[in-house]
Amino acid sequence: MAQQSHSHETGASPVFSFEAAKLIQQLNAQFAIDGKLRFVEGPEACIMIEATTRHAKAAISTYGAQILGYQPHDAEQDMLFLSPQSQYGNGKAIRGGVPLCWPWFGDDPTGRGRPAHGFARNRVWQVNAVKLDDEDQITISMSLPNSEDFQQYWHSAFKLSIEIQIGKTLKISLTTENCDQETFVISQALHTYFQVGDIEQVWLRGLDNYHYLDKTDSFHEKLQHDHVWFKNETDRVYLHSPEQLFIEDAALNRRIVVESHGSETTVVWNPWHKASQLADMADDAYKTFVCVETANAAGDSIRLAPGQSHTLMAEYWLMSRD
Ligand SMILES: O=P(O)(O)OC[C@H]1O[C@@H](O)[C@H](O)[C@@H](O)[C@@H]1O
C-alpha cells in the first residue's frame, strides 16, 4: 500500500513494489534521521516507519497511520499486540497496534451500512513532519489526505491529523477540525491492542463503580463492581471513565498505564472464543491481548461547529509490578 495512493490493490506485485520503493526513497530523503528513523517497505508493499530513540523502538504504518509496535529498550516484550494474520490493505484494518476509528466508532450510527469504525483506518495517510527533540523523543505528524472517495461516507469538510510521540512513553494526539460551513458530530477511538501474557491473569484497574454499556447484552447499562476481569467475551463502553487506567498483567509481571485526555468513554474489548470468527487472528490470540480504547462514543460524541477542533489524546507507559 503505497504512500499517497488511494488504491486498494494488495499483493506485492513488482510494479507496485517499485512504486512503493520510489516513494520510500522520497520519504527517506525528506524525513529520515540517521540511525533513528527510516521508511521501509512492509508487508503487501505497505510503507512502514521504523523509529528508534534512546528509550524505545516503534513501528508505524502509513496505511491507517497505525502504530504497530512500541517497545521500550528495557521491556522484554512489545507493549502492543499485532496479529501475524493481519492484512495490510484491500480495505481491511490491520489487526493490532493502534487502529484509528473515525469519524464514527462501532457500527454505522445512521444504520446506512457504512463500514464499522469509519474509514480512517483503511486509508493511506500523508507524512507531514518528523521531529527529534533534545530528550531524544521523535514526533511524527501525519494527516488524512482528502479523497473524492470519502464522499460516499462523509460529506462535511474536515482536517484529521495525528501526532505520535515516541519516547519514554507513547503519546498519541488525534485532532479533528471542522472546515465545513455546517456543524458535524463525530465519535471515535484509539482502538489500542495491548499485548498481555495470559488474559486470565489480567485485570483492568480504575473502573470500579463506573457504569458501562454492555455490547454483549444489547447495550444494557450496568455498574462495574471491582476491577474488570476477563473470563469470557467482553465488549463494553465505560461512561465518564477516569483519566488513568491500569492494565495489571501478572504473567508478564508488568503494568501498562493508560492515560486519556479529551475522552470520557473507554471501550474494553476481548472477543474470547469469537476470535475464531475473525479471519485475521489466530483462534487462541484472544489470550494475549486486551483492547482498552480511549474513545468519544455514545453520549460522549463530539459536536464541532465550523472552525472548531477537538483533540483525543492517549499516553501509554510500562511499569514493572515489583
Ligand atoms: O473487527 P473490528 O471492526 O476491528 O472491531 C473489533 C471490535 O472493536 C471494538 O471496539 C468493538 O466494541 C467491538 O464490538 C468490535 O467487535
Side-chain angles (χ1 to χ4, degrees), residues 8 61 63-68 80-123 153 172 174 186-196 199 204 207 210-222 224 228 230 232-239 241 245 247 258 260 263-283 285-302 312 314 316:
H8 285 136
S61 160
Y63 180 64
Q66 193 160 332
I67 303 162
L68 302 180
L80 303 174
F81 164 88
L82 175 63
S83 170
Q85 288 81 13
S86 287
Q87 293 193 42
Y88 294 78
N90 203 21
K92 301 273 185 238
I94 305 168
R95 182 71 69 187
V98 190
L100 306 174
C101 304
W102 190 96
W104 57 88
F105 167 81
D107 292 335
D108 179 358
T110 64
R112 285 187 280 136
R114 295 176 300 172
H117 291 327
F119 53 85
R121 62 180 182 165
N122 305 335
R123 293 292 186 286
Y153 304 120
I172 309 160
L174 182 68
I186 57 159
S187 55
Q188 57 180 345
L190 305 170
H191 191 307
T192 308
Y193 289 73
F194 291 102
Q195 170 156 230
V196 297
I199 191 70
L204 178 62
L207 288 168
Y210 283 84
H211 287 260
Y212 64 91
L213 306 177
D214 190 346
K215 290 181 77 173
T216 68
D217 186 14
S218 314
F219 285 84
H220 280 132
E221 187 167 331
K222 298 179 180 173
Q224 177 68 41
V228 183
F230 301 90
N232 43 37
E233 185 195 358
T234 304
D235 195 357
R236 303 174 179 178
V237 182
Y238 282 87
L239 309 172
S241 50
L245 296 173
I247 302 169
V258 176
S260 307
S263 153
E264 290 198 353
T265 33
T266 300
V267 179
V268 180
W269 179 62
N270 183 289
W272 216 255
H273 296 313
K274 283 194 183 158
S276 63
Q277 297 169 17
L278 300 169
D280 54 2
M281 178 186 287
D283 292 359
Y286 73 91
K287 293 179 181 166
T288 55
F289 78 84
V290 61
C291 288
V292 178
E293 308 169 33
T294 295
N296 295 117
D300 179 32
S301 297
I302 301 294
L312 176 66
Y316 310 128

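Treat the numbers as computed from the prediction; the structure is a model and nothing was measured. Order of listing sets the numbers, starting from 1, for every ligand and every atom in it.
In this structure, Y238 and Y212 have tilted ring planes: the angle between them lies in the 30° to 60° band. Using the six-membered ring where Trp is involved, W272 and Y286 have ring planes that are tilted, between 30° and 60° apart. Relative ring orientation between W269 and H191 is described as perpendicular, the plane-to-plane angle rising above 60° on a 0-90° scale split at 30° and 60°.
Under the 6.0 Å distance and 45° angle rule, R114 counts as a cation-pi partner of W104.
In this structure, atom 5 (O) of ligand 1 lies nearest to the protein heavy atom H117 NE2, 3.4 Å. Of all protein heavy atoms, the one lying nearest to atom 8 (O) of ligand 1 is H191 NE2, 2.7 Å. Here the protein heavy atom with the shortest distance to atom 2 (P) of ligand 1 is R95 NH1, 3.7 Å. Residue, atom and distance of the protein heavy atom nearest to atom 12 (O) of ligand 1 are D235 OD1, 2.6 Å.
Comparing heavy-atom distances from atom 11 (C) of ligand 1 across K92, K215, R236, Q277 singles out K215 as nearest.
Near E293, meaning under 4.0 Å from any of its heavy atoms, are these atoms of ligand 1: 9 (C), 10 (O). Listed by number with element, the atoms of ligand 1 under 4.0 Å from a non-hydrogen atom of F105 are 10 (O), 12 (O).
Within the 4.0 Å heavy-atom cutoff, R121 counts among the residues contacting ligand 1.
Between the side chain of S83 and the backbone N or O of D280 there is at least one donor-acceptor pair closer than 3.5 Å.
Closest heavy-atom contact between S241 and T265: OG-C, 3.5 Å.
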